[in-house]
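One structure below.
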Amino acid sequence: MSVALFAEQLLNGVQFGLMLFLMAAGLTLVFGVMGLINLAHGSLYMIGAFVCAAAAAAFGSFWLGLIAGLAAAAAAGALIELTVIRRLYDRDHLDQVLATFALILILSEGVRMIFGPFPLYLSVPDLLRGTVDLGITRYSLYRLALIGIGIAVAIGLWLLIAKTRLGIQIRAGESDREMIAALGVNIRWLYTVVFALGAALAGMAGALVGAIQSVQVGMGEPVLILAFVVIVIGGIGSIKGAMVGALLVGVIDTMGRFLLPRIFAAFLDPAQAMGVGAALASMLIYLLMALVLILRPRGLFPAHG
Amino acid sequence: MTYAKRVAVGLAALAFGAQGALAQDVTVGMITTLSGGGAGLGVDVRDGFQLALRKAGNENLRLVVEDDAQRPELAVQIAERMIQSERAQILTGIIWSNLAMAVVPSTVAQGVFYISPNAGPSALAGANCHQDYFNAAWQNDMLHEAAGQHANELGYENAFIMAPNYPAGTDALTGFKRFFEGELAGELYTQVGQTDYAAEIAQIRASGADSIFIFLPGGMGISFMRQYEQSGVDLPIISAGFSFDQDVLPAMGSAALGVINTSQWSPDLDNEANVAFVEAFREEYGRIPSLYASQGFDTANLILSAMDAADISDRDAFREALKAADFDSVRGEFRFADNHHPIQTVYVREVVEKDGELTNEIIGTAFEEHQDVYGDDCSM
C-alpha cells in the first residue's frame, strides 16, 4: 500500500464526512431547537437533487441548478413546517416519527409522479471537471471543491449561530423554549426559519452530491440513516458534535472499506477476506455508535438542557 | 313477451354463453416494481408486456398489475391475493432475484404457472427447478459469462472485478470468472445501494489492472460511472447489459460512451419482430425500449402463443405449449432448455450516441446457443 493511496482515501473520507455534515447539521438543529425527529429530512435532500438536475437541464448551468435546488428545498421545508410539522411539536416522538415517515412516502411518490421513474442526468460543471495534482496523489477537482464548500458552510453556520441575532435566538430556543417565547420572540416564525435552513442545507447536499451520484427516488434514505448515526455519535442538538461525528463517520467508513479486507487478507484466503472484510466494514460505523453510546450515552458533545 | 321472442332470447343467451366458454379467459397477475429507486425496470417490463397485448389485439387475457415496492414480504402478500381472490392462473413480473425466491416456489406449489420476465436466480435453474416455472429472460449468470468470454477476446489479462454483496452480485462475479482466463488484479464486493465509490476507484487506480468488470445495476452504476469519469482513471470497462441499458443511459450521459456490455437483446437487433417492437414502443411511450421492456414483450407473446395452442385448464397441454415457445421473439432465435431456461445467443454491444440519444449497438457475438450450467442439477 502506497502513501498516495492512503492519502487519497483519507481525502475521500473527509469529503464524505463533510457532505454528511450538511445533512446532519439540519437534522440536529431541528432536533435541538424544536425537539422534533424529522425522518423526512432525506426527502428534502432528494428534492434538492431533483430540482437541481431539472433546472440544470433547462438552463444549461449547474450553478443555476444548485441555486434552484437549494431554494426549492428551503421552500418545501417551510411549506412542510407550516402545514404538517407545526402540529407535531407537542406530540411525543412516536407521533413525529409516524407523521414524518408518511411524508417520506408522499414526497417520494410525488417526485416520481412529477419527474418519472427513471434517474435524472446531472453532471459536474465544466469548471470543476478533471483532476488536480496534489503532489502525493492526483485527486478529483470536484471532490476537492466539495471539501472546500463543506468547510465554508461549516464556518458560515458557526458565524450565523455565534454572531448573529438569529443565532442568539436559536441558541436560546435550544436552552429554554418557553422563556424566549415569554421574552417576546416570535417562536413560530423562528421554528419555520430554522426548519427551512435545515432543509436548505439538505437540499444543497443533495444537489452537490447529485452531480456525482444517481439522482433517483429514494436517494435520501441511505444518507438519512448515516446522518442519524452522525448526530447520535456527536450528541443530538450539537452542531459541533455533528461536525466531529460526520468527519469520524466519513473517515472510519471509507478507511474501513479500504483497510479491513487487506487486514483480513493477512491470515485468510483472498475471497474469504474480501467477504468478511466487506461485511465488517459495513458494520463499522454502527459499532462505533454503540461504543460511543456505552462510554458517553449522550454523545461526544452533549447539547445542554 | 311472446313465446317465440322468449325462445329467441334464450337461444341468443345460450349462443353467447357458449362463445364465452370457447374463448378461454386467462388471468395473468403481474407483480413488479413500480415505485422507489428500482421503478424504472418494472415500468419497462409492464409497458413492454402491455404493448404486446395491444399489438396482438387480445381480449381473452386479463392483466392485473400490482407494485411490490421491491419488498419481498409485500410481493408474497400480493401473490397470495392474486391467486386467491383474482384467481390468477399465471403470475409474472418480478424483477429482483430475492423477491423471485420468496414468491416462485409457493406459487408453483399451488398449481399456478410462473413465467419470469427478468430474475433468474441459480437455485431455480438447478436443484429447485419446477415444471410450472419458466424463465423468458435468462439465468442470472448468463450475461456475465458472456462478458468474461469477451474479455478474453479483447486480450484483457488483469481485470479488476466488482459487484454488490448480495446473491445476484455473487452470481455475477462467479459467472465472469467461469469464462475469464486472465488474472484478477482485485475482486471487490460493495454494499447494495452504495452511492459513493471513491474508496473503490482509488483501489482500482492502485491495482495495476488493465480492465474493469462491473455489475452495478440501477443507481449504483450511475453513481460509479459519474465518479469514475471524474477520477482520471482511464481503464476500459466491460459489463453485462444490466448496468448499461436504456433505464440508466440517459442519466449516465457521456460517461458511458464506449463501454462494452453483453446482452441477449439490443434495440438495433435486425429481425422483423424487433424492428416492429422498437418502433411501436417508441411511438407508444416516446422512449427507446430497454432490455427489460423487450423481456416483458417476449413474456406476453410467449403466454399468448401458449393460449393459442392450448386451453389453460388442460395443464399438461398448456405447459407443452409454453415449452414449445412458438412465438417470434424480439431477440431472434429462442428456445427453452429442459430446465425451462432459455438457450439463446448473447451479443456484445457498445454504448454509442445516435441522433442525440445514448443507446447500444451490436458489435459482435459472445456466445451462440448458450445455455446455463445449472441445468444438470435439474431433474426435468
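Side chains are part of it too, since the values below use all heavy atoms of this structure and drop only hydrogens, waters and symmetry mates. Chain naming here is simple, since letters A, B, ... match the order of the sequence lines and numbering starts at 1 in each.
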Under 4.5 Å heavy-atom distance to chain B, tell me which part of A4(A) shows up: side chain, backbone, both or neither.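 Interface part for A4(A): neither.
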Proximity breakdown for V215(A) and chain B, heavy-atom pairs closer than 4.5 Å: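 Backbone plus side chain of V215(A), per the 4.5 Å heavy-atom cut-off to chain B.
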Between D196(B) and Q15(A), is there a side-chain heavy-atom distance shorter than 4.5 Å?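 Yes; the side chains approach each other to less than 4.5 Å.
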Using a 4.5 Å cut-off on heavy atoms from C-beta on, say whether the side chain of E229(B) contacts that of I212(A).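 In short, these two side chains do not touch, never coming nearer than 4.5 Å.
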Would you please go through residues 138-150 of chain A and name the residues with a non-hydrogen atom below 4.5 Å from one of chain B, in numerical order?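 Interface residues of residues 138-150 of chain A: R138(A), S140(A), R143(A).
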May I ask you to list the residues in residues 217-225 of chain A that approach chain B closer than 4.5 angstrom, counting heavy atoms only, ordered by number?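 At a heavy-atom separation under 4.5 Å, chain B is reached by V217(A).
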Greater than 12 external heavy atoms within 6.0 Å of [X]'s [atom1]:
X: E183(B); atom1: CD; result: no
X: E73(B); atom1: CD; result: yes
X: Y286(A); atom1: OH; result: yes

Show every salt bridge (Lys or Arg N to Asp or Glu O under 4.0 Å) that has at least one partner inside residues 35-44 of chain B, sequence neighbours left out.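 Non-adjacent pairs meeting salt bridge (Lys or Arg N to Asp or Glu O under 4.0 Å): D44(B)-R287(B).
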What part of [X] gets closer than 4.5 Å to chain A, counting heavy atoms only: side chain, backbone, both or neither?
X: Q194(B); result: side chain
X: S231(B); result: backbone
X: M252(B); result: backbone
X: Q191(B); result: side chain
X: A206(B); result: side chain
X: L34(B); result: backbone

Under the criterion side-chain contact (heavy atoms from CB on, under 4.5 Å), I'd like the reasoning laid out for Q213(A) against I222(B): C-alpha separation, chi angles, the key distance, then a yes or no. CA-CA 6 Å; Q213(A) 287 183 7; I222(B) 299 173; over 6 Å; no
Among [options], which has the most heavy-atom pairs under 4.5 Å with chain B?
options: T254(A), T137(A), L120(A); value: L120(A)
options: L11(A), V209(A), L122(A); value: L122(A)
options: P119(A), G210(A), A279(A); value: P119(A)

Could you name each residue pair satisfying side chain to side chain donor-acceptor pair (under 3.5 Å) that touches residues 107-125 of chain A, not counting sequence neighbours?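 Every pair satisfying side chain to side chain donor-acceptor pair (under 3.5 Å) with a residue in residues 107-125 of chain A: E109(A)-R112(A), S123(A)-R129(A).
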Let me confirm one number: the CD-CD distance from Q9(A) to Q203(B), rounded to the nearest 0.5 Å.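 Rounded to the nearest 0.5 Å, the CD-CD separation comes out at 6.0 Å.
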Which heavy-atom pair separates [X] from [Y] by the least distance, and what is that distance?
X: R257(A); Y: A199(B); result: NH1-CB, 4.2 Å
X: L5(A); Y: A202(B); result: CD1-O, 3.2 Å
X: A278(A); Y: Y189(B); result: CB-O, 3.6 Å

Using modelled atom types only, decide if a donor and an acceptor are shared between the side chain of S223(B) and the backbone of S214(A) within a distance under 3.5 Å.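 Side chain of S223(B) to backbone of S214(A): a pair is present.
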